[in-house]
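Okay, structure first, notes after.
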Amino acid sequence: QVQLVESGGGLVQAGGSLRLSCAASGRSIRSDAMGWFRQAPGREREFVAAIAWSGRATDYADSVRGRFKISRDNAKNTMYLQMNNVNAEDAAVYYCAAAYTPRSNIYYYTNQSYTYWGQGTQVTVSS
């Protein structure tokens, strides 16, 4: 079993930056694909970014590409999301997720593909 805990959310001004962290416990996540999703009020949870176990393969939703960067430190059992040039549409609860993918340099885009989820961290954007 893997437990995921997000942190780093809070209030940020439009145009500002924020760094989210996702700390894993229970076992090593070095063989897991991981992702960030977000859910705004009244909207479905949506894909934000994903990273393969190696960290060498990543992808982003078009809405955040070029502004957000996903990364991971397997030695620290932690994944990150650097959010730059934040705008009002980025306000949401952000969730991290993991899926065991041994020996596969892949990642997933859909909620259903991930097994483990954190409880979420709120990002609020002020104008």
Side-chain angles (χ1 to χ4, degrees):
Q1 286 284 357
V2 175
Q3 293 79 44
L4 303 175
V5 178
E6 303 94 337
S7 61
L11 178 65
V12 58
Q13 279 194 326
S17 298
L18 206 59
R19 189 194 197 200
L20 305 184
S21 298
C22 173
S25 61
R27 65 163 175 79
S28 171
I29 56 167
R30 63 178 63 250
S31 295
D32 289 63
M34 300 193 72
W36 286 99
F37 290 76
R38 66 186 182 187
Q39 187 168 20
R43 301 185 66 174
E44 292 187 353
R45 189 174 298 187
E46 64 176 8
F47 169 78
V48 175
I51 187 167
W53 71 270
S54 64
R56 293 195 293 268
T58 61
D59 204 0
Y60 300 87
D62 289 342
S63 59
V64 306
R65 194 184 307 275
R67 300 187 297 119
F68 290 11
K69 182 177 181 180
I70 189 171
S71 62
R72 64 191 297 165
D73 186 337
N74 288 338
K76 295 183 178 180
N77 234 27
T78 303
M79 177 181 65
Y80 306 97
L81 185 68
Q82 178 66 43
M83 305 168 60
N84 297 326
N85 194 19
V86 171
N87 59 51
E89 287 67 41
D90 297 321
V93 177
Y94 282 72
Y95 299 89
C96 66
Y100 187 57
T101 56
R103 299 179 296 278
S104 299
N105 201 34
I106 61 174
Y107 44 77
Y108 303 110
Y109 298 94
T110 62
N111 296 337
Q112 296 85 348
S113 298
Y114 290 90
T115 306
Y116 307 103
W117 290 85
Q119 83 291 345
T121 186
Q122 177 73 52
V123 172
T124 304
V125 181
S126 64
S127 58

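In this chain, residues are counted from 1 in sequence order.
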By side-chain hydrogen bond (donor to acceptor under 3.5 Å, both in side chains), Thr58 pairs with (sequence neighbours left out) none

Those residues at least two apart in sequence (or on a different chain) that pass side-chain hydrogen bond (donor to acceptor under 3.5 Å, both in side chains) with Ser71 are none

| query | Taking the side chain as C-beta and beyond, is there a heavy-atom pair between Met83 and Leu81 under 4.5 Å? | reply | yes

*asked:* Membership question, hydrophobic clusters at under 4.5 Å side-chain separation (ILVMFWY): are Ile70 and Tyr116 in the same one?
replied: yes

Applying salt bridge (charged side-chain N to carboxylate O under 4.0 Å, His left out) to Arg27 and not counting sequence neighbours gives Asp32

CD1 of Ile51 to CG of Asn105, rounded to nearest 0.5 Å, is 9.5 Å

Residue pairs meeting ring pair (Phe, Tyr, Trp, His ring centres under 6.0 Å), one or both in residues 68-102, sequence neighbours left out, come to none

The complete set of salt bridge (charged side-chain N to carboxylate O under 4.0 Å, His left out) pairs with one or both residues in residues 43-56, sequence neighbours excluded, reads Arg38-Glu46

- Item | Test log, rule side chain to side chain contact (heavy atoms under 4.5 Å, CB included), inputs Tyr60 and Lys69 | CA-CA 8 Å; Tyr60 300 87; Lys69 182 177 181 180; 3.8 Å; yes

For this session: Look at the side chain of Ser113 and the backbone N and O of Tyr108, then say whether any donor-acceptor pair between them is shorter than 3.5 Å.
Result: no

Under 3.5 Å, which donor-acceptor pairs do the side chains of residues 11-23 form with other protein atoms, sequence neighbours left out?
| unit_1 | atom_1 | unit_2 | atom_2 | d |
| --- | --- | --- | --- | --- |
| Ser17 | OG | Asn84 | OD1 | 3.0 |

Please tabulate, for the side chains in residues 120-127, all donor-acceptor contacts under 3.5 angstrom to protein atoms that are two or more places apart in sequence or on a different chain.
| unit_1 | atom_1 | unit_2 | atom_2 | d |
| --- | --- | --- | --- | --- |
| Thr121 | OG1 | Gly9 | N | 3.2 |
| Gln122 | NE2 | Ala92 | O | 3.4 |

So CD of Gln119 and CG of Leu4: to nearest 0.5 Å the spacing works out to 9.0 Å

Applying side-chain hydrogen bond (donor to acceptor under 3.5 Å, both in side chains) to Tyr109 and not counting sequence neighbours gives Asp59

- Query: Any donor and acceptor pair, going by atom type alone, linking the side chain of Ser28 with main-chain N or O of Arg30 inside 3.5 Å?
  - Reply: yes

Residues 31-82 vs disulfide bond (SG atoms under 2.5 Å apart), sequence neighbours excluded, gives none

Check whether Arg72 reaches the backbone of Ala52 with its side chain - one donor and one acceptor, N or O, closer than 3.5 Å. yes

Here the gap from Met34 atom CE to Ile29 atom CD1, rounded to the nearest 0.5 Å, amounts to 4.0 Å

Here the pair of heavy atoms bringing Ala91 nearest to Ala40 is O-CB, 3.7 Å

Residues 52-84 vs disulfide bond (SG atoms under 2.5 Å apart), sequence neighbours excluded, gives none

Note: Cys96 and Met79 closest approach over all heavy atoms is CB-CE, 3.6 Å

The complete set of ring pair (Phe, Tyr, Trp, His ring centres under 6.0 Å) pairs with one or both residues in residues 11-46, sequence neighbours excluded, reads Phe37-Phe47, Phe37-Tyr114, Phe37-Trp117

Check your understanding: Any sub-3.5 Å donor-acceptor pair from Asp73's side-chain atoms to Thr78's backbone N or O?
Key -> no

Sorted by chain and residue number, the side chain to side chain contact (heavy atoms under 4.5 Å, CB included) partners of Glu89 (sequence neighbours excluded) come out as Asn87

